[in-house]
Amino acid sequence: MHQKNSIEKLNSPPFKKVNILMVDDHPENLLALEAVLASPNYQLVSANSGKEALKCMLKQDFAVILLDVQMPGLNGFETAKLIKAREKTRHIPIIFITAINQEIEHVQKGYSSGAIDYIFKPFQPETLKQKIEQFVKIHQNHRETIINTDRERKLELNEVNKKLDITTLNLRRTEALSKVIGETIVDTILTFDDQGSILSVNPAIKSMFGYKAEELIGKHVVKLFLQWKGDDVRDSSFSFLASLKQAVGKVIESVALRKDESHFHADILIGEATVEDQQMFVCTIRDITERKQIEEVKKLQFINMEHIVEKRTLDLITANEKLQQEIEERKRIADHLYRSQERFRKIFESSPCLMAIFSRKDLAFIDVNTSWINYTGYNIDEVDYQKISFMDESTGKQINLDRTIRNRKINYKTKNGDIRDGLLSTELIDIYPEPCTLIVLTDVTERVHLEKEMSRLDRLNLIGEMAAGIAHEIRNPMTTVQGFLQLSRKNRDNLSLDIIDLMLEELNRANSIITEFLNLAKNKISLKKKQNLNTILEALSPLIQAEALRSSKHVKLVLNTCPDILLDEKEIRQLILNITLNGLDAMSPNGKLTIKTYTEGKEVILEIKDQGQGICPEVLEKLGTPFFTTKENGTGLGLAICYSIAKRHNAEIDITTGDGGTIFSIRFSINPCLTTT
């Protein structure tokens, strides 16, 4: 145990400072906290707002958070709720620090927001320091426990993987040996059940009896014999099966019957086994015609050839011993093959996926599992190729089962007439040796319904965020107008033209925000008609060129021949202007903006490329979100409107960005399924 502890200490990770997040909109308060908590063991991270604190949470892990209650924008309560809503940060302890709001209801609100402590200013530095030390110890113990648990799991997984590798290797060797022995041995080996029905035969049956394997499977074993121990097996008074069972473990000489009605002498050795409470017999048949001929010669020349007979007898004894060893090996191989078949059957029947074996020759289902019956409502007797059809989700055409398929999205119809969704995979296989298709169908109907419901909930959430954004954006200009009007009510002399112009400007800003928000509405009327995209760009070119020259930038038009498509000219003009003006704003003087159109396949592509510095990943993933903007005076609705316009035109917007600039590619379908309303 001491040695194990020493090894764990050697393998333990190097010392790492503990991160502590301090959030306060007053820099002097942050300096005071840094002075109290200064320690070589801590990494103190400061944030001036709730929004900045959330950004820090995305980049680092923290042991504890000191959070001010009163802050502009996101206050402490709102920030705490957002931290607790995220799975990765919900367990981080939060301590509220405030100089006001000491009433009991505010304290209770802090605890309900997820805080574990509530400290009032001025606070005792030593008390705060001791509390932080305890939370840090809890964090370090938790982190050490996770590391030890991961290490133990890795060791256990390594041991299990080693055992699985050894077992897999042994199984492969056994299967290869079984196959080689069954195909190369000259004796006939067959298995039958306690009713005498043949279960399997090896390839030697063809050369010895003239039968193919499929001609004997399921037939009675008496079909292969003419005489048994000198008695005619076709005599109704003779119980052949009972005699076979009594001969278990013995070599019996009998007369075997070929397919062409010819017969030969054979040695028969029968072994008995029980697999899953089912009695089975393994029968080895050796053609001894040559031996019988030699024995006849021995009888005629017995006196002169006595020493030859003795030698032959010794040879036969040796051969018999080898035969016994071969029989035992074959019996073991046969048992293994039978168990493998049983394992496949259990996997087939118990699989939660819909599984079936389909004959490509007869165009019929050979077998289906329980999941297939439960989902489709058809049992094996009712399943028909015409009833069960798999329709490709994208094309609506029936799937061809004569080729391999991997996870194709399909629709299928149940016995009750319900249309369900699924992922279809097929594999081409041969069964005795009929060409078949193994069908594996994963029913994803519930998952598709869940995805649709999640999409609906996301839209509801977006509506809530947009409503909150509009309230915030409109209240700012309204507050300005209200303040000036209250001042002018007391003293009309203060109502100068500058103040009136400012109030009008703020009102126009509020009106602009409402107008742009209405452009995002899904039920907006879109009047489309067949026209050329190049014509719209040529009409907008002077306006774009003038805006570029005003900021010492250049615009290049590369308009290739494109077919006419259904477009709402007013909306497309707004989309083009929004993206081009964003591109011009992103470039420094002398930058070049390239607007290009071309046809690719069944799509008309509008490509707008700037020479800016590119878009960082954090901003890229939020593009198109209402009220998200990087501009100082932006509303955050421009790109959201562009995405809404593209959706109404059944178009897609692709963004490619890098250090050399950003490319917006808008793809319009040449033959889209668009309405004119």
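Every heavy atom of this structure was used, including side-chain atoms; hydrogens, water molecules and symmetry mates were not.
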I'd like to know if the side chain of Thr426 and the backbone of Ile439 have a donor-acceptor N/O pair within less than 3.5 Å.
no
If you apply the rule side chain to side chain contact (heavy atoms under 4.5 Å, CB included), what do you find for Leu584 with Asp610, and how did you get there?
CA-CA 7 Å; Leu584 290 172; Asp610 63 54; over 6 Å; no
Between CG on residue Leu438 and OG1 on residue Thr404, distance to nearest 0.5 Å:
10.5 Å
Flag the pair Lys154 / Leu157 as yes when at least one side-chain heavy-atom distance between them is below 4.5 Å, and no otherwise.
no
Should the pair Asp392-Arg408 be classified as a salt bridge under the 4.0 Å nitrogen-to-oxygen rule?
yes
Single hit among Ile605, Asp654, Leu575 for side chain to side chain contact (heavy atoms under 4.5 Å, CB included) with Ile666
Leu575
Within 6.0 Å of CZ in Arg172, more than 12 heavy atoms from elsewhere:
no
Should we say atom CD of Glu393 is surrounded by more than 12 heavy atoms from elsewhere, each under 6.0 Å from it?
yes
Distance col, row Phe77:CZ vs Leu82:CG, nearest 0.5 angstrom, shows 14.0 Å
Is a side-chain donor or acceptor of Asn411 paired with a backbone partner of Ile419 at a separation under 3.5 angstrom?
no
Counting only N and O atoms by type, is there a donor-acceptor contact under 3.5 Å from the side chain of Glu52 to the main-chain atoms of Ala47?
no
Atom CZ in Arg420, atom CD1 in Ile410: separation rounded to 0.5 Å?
11.0 Å
Do Asp68 and Val23 come close enough that some side-chain heavy atom pair is under 4.5 Å?
no
Counting only heavy atoms not in Glu34, do more than 12 sit closer than 6.0 Å to its CD atom?
yes
Which value, rounded to the nearest 0.5 Å, describes the distance between Gln134 atom CD and Lys131 atom NZ?
11.5 Å
Other residues, nucleotides, ligands: >12 heavy atoms within 6.0 Å of Lys609 NZ:
no
Just checking Asp659: does its CG atom have more than 12 heavy atoms from other residues, nucleotides or ligands closer to it than 6.0 angstrom?
no
Of all heavy-atom pairs between Tyr375 and Thr414, which one has the smallest distance, and what is that distance?
O-CG2, 3.4 Å
Pair Arg339, His336 - check side chain to side chain contact (heavy atoms under 4.5 Å, CB included), show working.
CA-CA 5 Å; Arg339 288 194 298 270; His336 173 71; 3.9 Å; yes
Would you indicate whether Arg153, at its atom CZ, is surrounded by more than 12 heavy atoms from other residues, nucleotides or ligands within a distance under 6.0 Å?
no
Between Leu58 and Arg86, does the side chain to side chain contact (heavy atoms under 4.5 Å, CB included) criterion hold? Intermediate values first, please.
CA-CA 10 Å; Leu58 296 174; Arg86 185 167 175 258; 3.8 Å; yes
Rounded at 0.5 Å granularity, tell me how far CD1 in Ile579 sits from CD in Glu607.
11.5 Å
Distance (rounded to the nearest 0.5 Å) between Thr445 OG1 and Asp418 CG
9.0 Å
Residue list, salt bridge (charged side-chain N to carboxylate O under 4.0 Å, His left out) with Glu547, at least two apart or on another chain
Arg550
Less than 4.5 Å apart, side chain to side chain, heavy atoms only: is that true for Ile92 and Met57?
yes
Show your working on side chain to side chain contact (heavy atoms under 4.5 Å, CB included) between Lys553 and Leu593 and close with a plain yes or no.
CA-CA 8 Å; Lys553 298 166 188 175; Leu593 183 77; over 6 Å; no
Determine the sole option in Asp421, Asp443, Thr376 for which the side chain to side chain donor-acceptor pair (under 3.5 Å) test with Tyr412 is passed.
Asp443
Any side-chain to backbone donor/acceptor pair from Thr657 onto Gly614? Under 3.5 Å, distance only.
no
